[in-house]
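Here's the structure we're looking at; comments come further down.
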Amino acid sequence: MMENKEQIIKLAEENVLHTYNRYPLVLDHGEGVYLYDTEGKQYLDFAAGIAVQALGYHYPGYDEALKAQIDKLIHTSNLYYNEPAAEAAEKLAHVSGMSRVFFTNSGTEAIEGALKAARKYAYGKGHRDKYEIIAMHQSFHGRSMGALSVTGNDHYQEPFRPLIGGVRFADYNDLESVKAQFSEHTCAVILETVQGEGGVYPATEGFLKGVKALCEEHDALLILDEIQCGMGRTGYPFAWKEYGVAPNIMTCAKALGCGVPVGAFVLDEKTALASLAPGDHGTTYGGNPFVCAAVSKVLDIFEQDKIVEHARQVGAYLEEKLDALAENYDFIAERRGRGLLQGLEIQGRPANDLVLKSLEEGLIVITAGGNVLRLVPPLVITEAHVDEMTEKLERAFSR
Ligand SMILES: *Cc1c(COP(=O)(O)O)cnc(C)c1O
């Protein structure tokens, strides 16, 4: 047993492949909306493991549900049925108002499945040359080859080309640029309802409605990536519900299991009936009883404890506080976001430096798109936690 911080960092640096530039922080345990490092220092968590820990840490009933499932069955194969997966799928279909669910192990795998479903839908209708996908500049959809192919970021794509073909890029919130990429070859448009990693940009209502209309006109599918902005984060069960624009395929992950690795792509009835069929897609782990017991419990807690309504209320308070900060500090160019997915665009000083100074003050925040300070706290934070965050952030500003 090793409890020394430097020893742990050294061990990791010597043995784990160096793909992350990590902050000098060794986290040990969590409680509520606080994290504690190996030296016992407390941090108010406004990153939530990158929008994963929507219920914070040790939410009443969550651990117990997982422990009970461990005692019954952790894993079985998708060759057989299991009760947690059936229940979790029913609940997810119900809250989304969509039709069929495929469980994955991560967000990037949910994107892979969504892309395959879109291509199969066009193929199944006999359109062998209808395979193009329109994606957005500054988007983020994941790191596997398919998801990377629709991620509009040259820096991420460059070393790994050639990527999958038939992807065209348009500008987010610019309907004309999407229109310019459309043709009879377009099988789908993929976009985040609120862009996360790219710098926290919500879609405008006119853009989302316009893209949906273009999709309908061309019999193309609309794929909305709700991996970061979904699961109540914007104050709606899924961000698209605020716009009243329903996708044909939605991707989820991050907060879906509140800590266990699980994602999903969810299809509407029309797409479910005419895309992926037996033999087209599969996964060994995806939707196993353990992770689905978590999804099922998370969705129960969301409903019983009105988590989404709470997120909407406290999100409005957070917006108010951040707007005040943006007014008081010249280096904050803009506040953007929805509910509890918020970004402060920083000018004239590095956003990452503010993250480091915040850590010293006992506050965990992250960046997005290089110059944006991103706040994605647990949805269960209270107004008092928002006040505490603001005080810590202001102390970090003046460091
Ligand atoms: C995080 C994220 C992904 C990728 O999810 P992973 O679980 O890291 O593979 C995809 N899309 C969006 C919008 C994300 O925020």
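Nothing fancy with the numbering, it's 1 onward along the sequence. Start at 1 and go down the list; that is how both ligands and their atoms are numbered. Everything numeric in this text was worked out from a predicted model, so none of it was measured.
Counting the atoms of ligand 1 from 1 in the order shown, those under 4.0 Å from a heavy atom of Thr108 are 4 (C), 5 (O), 6 (P), 9 (O). Within ligand 1, counting atoms from 1 as listed, the ones closer than 4.0 Å to a heavy atom of Glu192 are 13 (C). For ligand 1 and Gln228, the ligand atoms under 4.0 Å from any heavy atom of the residue are 15 (O).
Note on Lys125 versus Asp219: salt bridge recorded, some NZ/NE/NH1/NH2 to OD/OE distance being below 4.0 Å. In summary, Asp300 and Lys91 engage in a salt bridge, as defined by a charged side-chain N under 4.0 Å from a carboxylate O.
Using 4.0 Å as the threshold, Asp225 has a heavy atom nearer than that to some atom of ligand 1.
Considering backbone and side-chain N/O of Phe140, one or more are found under 3.5 Å from N/O of ligand 1.
Distance check for atom 8 (O) of ligand 1: every protein heavy atom is found at 4.0 Å or beyond.
Using a 30° and 60° split on the angle between ring planes, His29 and Tyr36 fall in the parallel class, below 30°.
With hydrogens and angles ignored, the 3.5 Å screen pairs no side-chain donor or acceptor of Asp37 with any backbone N or O of Leu25.
Within a 6.0 Å sphere centred on CD of Glu303, heavy atoms belonging to other residues, nucleotides or ligands number 12 at most.
Within the set Gly107, Ser106, Gly230, the minimum heavy-atom distance to atom 5 (O) of ligand 1 is found for Gly107.
Annotation: atom 2 (C) of ligand 1 to nearest protein heavy atom, Lys254 NZ, 2.6 Å.
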Yes or no on salt bridge (charged side-chain N to carboxylate O under 4.0 Å, His left out) for Lys392 and Glu388, after CA distance, side-chain angles and deciding distance?
CA-CA 6 Å; Lys392 288 185 158 153; Glu388 184 185 337; 2.9 Å; yes
